[in-house]
Amino acid sequence: MALQPESAGSSLALEVVLPPGVSTALTTCPSISDTALKIAADQWEPPPLDLANASPARIRDFFLGGDKSFALDRDWCANATRLVASLPWIYRDERDFLHRAIRFAQRKRRIHRFLVIGAGLPFARPVHDDVLPHRDGLVVYAEPDEYVAAHLDLFTADLPQVSAVRGDFLEPGTILFADAVRALLRDDTPVCVVLTGVLETIADTDDATATLRCYTERLPAGSLVVATHATVDGLDTGDAADAALAERRQQLCRTYRNTAHQPPRHLRTTEQLQDILTGLRLVQPGITHTSAWHNPRPRPGIRPVESLCLAAVADVRKPRPRPITSGQTR
Ligand SMILES: C[S@@+](CC[C@H](N)C(=O)[O-])C[C@H]1O[C@@H](n2cnc3c(N)ncnc32)[C@H](O)[C@@H]1O
């Protein structure tokens with residue numbers, strides 16, 4: 001079966017009838033070949049262990065009530081909360097959204113396989129707590145940070161339905177070709193890819209769009225993407241309190257420069273997040289603030305824009321393979 005090169009901007013469906021058991025994920029030609037991704041993955045080296053600086057994963061663990069943080073992480077959190085007092089709530093709103101999105105994937109799309117990229121330290125309210133009660137539940141956590149990955153290795157060792165891989169979102173081959181992820185993608189069963197708190201580490205919107213596409217092209221039809229993104233969208237720049245909050249949120253992004261192996265964070269608008277999700281179909285109500293996405297119990301007296309974080313759930317669409325009819329030529 002010869003694969004055709006992809007035409008600009010769209011995936012081509014091959015005109016073949018697939019034998020039973022062959023994944024339809026193979027029926028689209030990826031914009032970047034597997035070979036190119038594999039070469040890049042072979043050259044990838046995880047960043048060296050850094051315990052001398054605060055870590056975004058431990059910072060989040062602290063704000064979510066976990067016990068994996070060090071004193072230097074908690075110092076960072078104290079300084080950050082002086083800048084943006086509602087920061088603990090911002091993290092909780094984001095985590096609450098993630099759990100609502102997981103329930104959406106399970107109940108509305110019957111998805112029980114999850115690939116969590118930039119897993120962090122998921123010990124406080126982890127994804128797998130929601131997923132494992134289902135008999136088909138499978139979770140793969142992917143992380144480039146050695147400290148985080150070592151923790152993930154330890155606790156996944158006792159959980160046969162949960163695996164951890166070392167990998168970088170920006171080098172898709174490091175994640176897509178890891179054994180545990182291959183197993184997750186082994187047939188046509190849809191997968192939910194979770195990207196919460198990760199896209200803002202990428203400076204260039206086009207890079208984020210192209211990289212995400214490497215993943216979605218290789219996902220089975222019916223898969224989902226769940227994403228969040230830090231923002232100041234929706235704040236009223238004519239209002240002094242909102243303008244000050246937006247400015248302090250910008251400053252907070254820059255302080256990530258002082259955390260282990262992490263670039264500064266980048267805020268994006270709704271339109272920019274939509275660009276990153278190009279080619280996917282947003283689930284209603286589209287991109288919202290985290291606290292507004294299908295939330296039956298929003299915090300009283302708090303505007304959704306104060307979540308300072310956007311949320312999206314999007315369906316991965318695939319062209320249907322067209323059967324060859326007798327006498328048809330290509
Ligand atoms: C702020 S934490 C978010 C953790 C988790 N996704 C959550 O929602 O709680 C960001 C995590 O992404 C990881 N990360 C940063 N850049 C990444 C990249 N290029 N690829 C994969 N993970 C990355 C960090 O090491 C960190 O563990």
Side-chain angles (χ1 to χ4, degrees), residues 40-41 44-51 53-66 68-69 73 76-77 80 87-88 90-102 114-130 139-153 164-176 178 181 192-204 207-208 210-212 214-215 225-230 252-253 255-257 259-267 276 290 307-312:
W44 180 75
E45 287 190 16
L49 186 64
D50 177 357
L51 298 177
N53 290 293
S55 135
R58 293 192 304 264
I59 289 167
R60 183 166 292 231
D61 176 70
F62 173 74
F63 279 128
L64 293 176
K68 298 285 178 281
S69 60
D73 303 307
W76 189 98
C77 293
L87 200 54
I90 292 170
Y91 280 102
R92 277 177 234 171
D93 281 347
E94 190 177 358
R95 183 52 64 112
D96 289 345
F97 155 72
L98 172 57
H99 288 285
R100 291 195 302 277
I102 292 170
F114 289 79
L115 171 58
V116 185
I117 300 179
L121 293 163
F123 303 98
R125 304 174 61 201
V127 170
H128 64 265
D129 270 5
D130 287 348
V139 180
V140 179
Y141 291 115
E143 234 322 305
D145 181 300
E146 190 51 41
Y147 175 86
V148 176
H151 274 81
L152 293 171
D153 284 346
V165 303
R166 280 162 180 70
D168 186 329
F169 173 71
L170 287 168
E171 294 295 351
T174 59
I175 294 176
L176 286 165
V181 179
C192 177
V193 172
V194 175
L195 280 165
T196 50
V198 178
L199 294 171
E200 53 257 40
T201 62
I202 303 164
D204 188 289
D207 281 352
T211 306
L212 179 58
C214 285
Y215 292 86
V225 173
V226 169
T228 59
H229 205 297
L252 183 63
C253 281
T255 64
Y256 274 95
R257 236 184 258 278
T259 59
H261 306 301
Q262 298 288 325
R265 295 304 202 253
H266 303 275
L267 301 175
I276 293 174
T290 45
S307 297
L308 300 179
C309 190
L310 298 171

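Start at 1 and go down the list; that is how both ligands and their atoms are numbered.
Ligand 1 has a nitrogen or oxygen under 3.5 angstrom from a nitrogen or oxygen of E143. Not a single N or O atom of E94, backbone or side chain, sits closer than 3.5 Å to an N or O atom of ligand 1. Considering backbone and side-chain atoms together, F169 places an N or O closer than 3.5 Å to an N or O of ligand 1.
D153 meets the side-chain hydrogen bond (donor to acceptor under 3.5 Å, both in side chains) test with R166; sequence neighbours excluded. E143 meets the salt bridge (Lys or Arg N to Asp or Glu O under 4.0 Å) test with no other residue; sequence neighbours excluded.
Atom CG of L199 and atom CG of L310 lie 11.0 Å apart (nearest 0.5 Å). How far CD1 of I59 is from CG of L64: 12.0 Å, rounded to the nearest 0.5 Å. To the nearest 0.5 angstrom, L170 atom CG is 11.0 Å from L212 atom CG.
Pairing each heavy atom of T211 with each of P172, the nearest pair is CG2-CG, 3.9 Å.
At a heavy-atom cutoff of 4.0 Å, ligand 1 is contacted by the side chain of R95 but not by its backbone. When heavy-atom distances to ligand 1 are checked against a 4.0 Å cut-off, A119 comes that close only through its backbone atoms N, CA, C and O.
Between F169 and Y215, the ring-plane angle classifies as parallel under the 30° and 60° cut-offs.
Of all atoms in ligand 1, numbered sequentially from 1 with element shown, those under 4.0 Å from a heavy atom of D145 are 25 (O). Near A57, with a cut-off below 4.0 Å to any heavy atom, the atoms of ligand 1 are 27 (O). When each atom of ligand 1 is checked for a heavy atom of G120 under 4.0 Å away, the hits are 4 (C), 27 (O). The atoms of ligand 1 that sit less than 4.0 Å from any heavy atom of G197 are 1 (C), 10 (C).
The residue among G118, P172, P47, G167 with a heavy atom at the shortest distance from atom 6 (N) of ligand 1 is G118. Among R58, R125, R60, E200, the residue whose heavy atom lies nearest to atom 1 (C) of ligand 1 is R60.
With respect to D96 and R125, a salt bridge is recorded, a charged nitrogen being found less than 4.0 Å from a carboxylate O.
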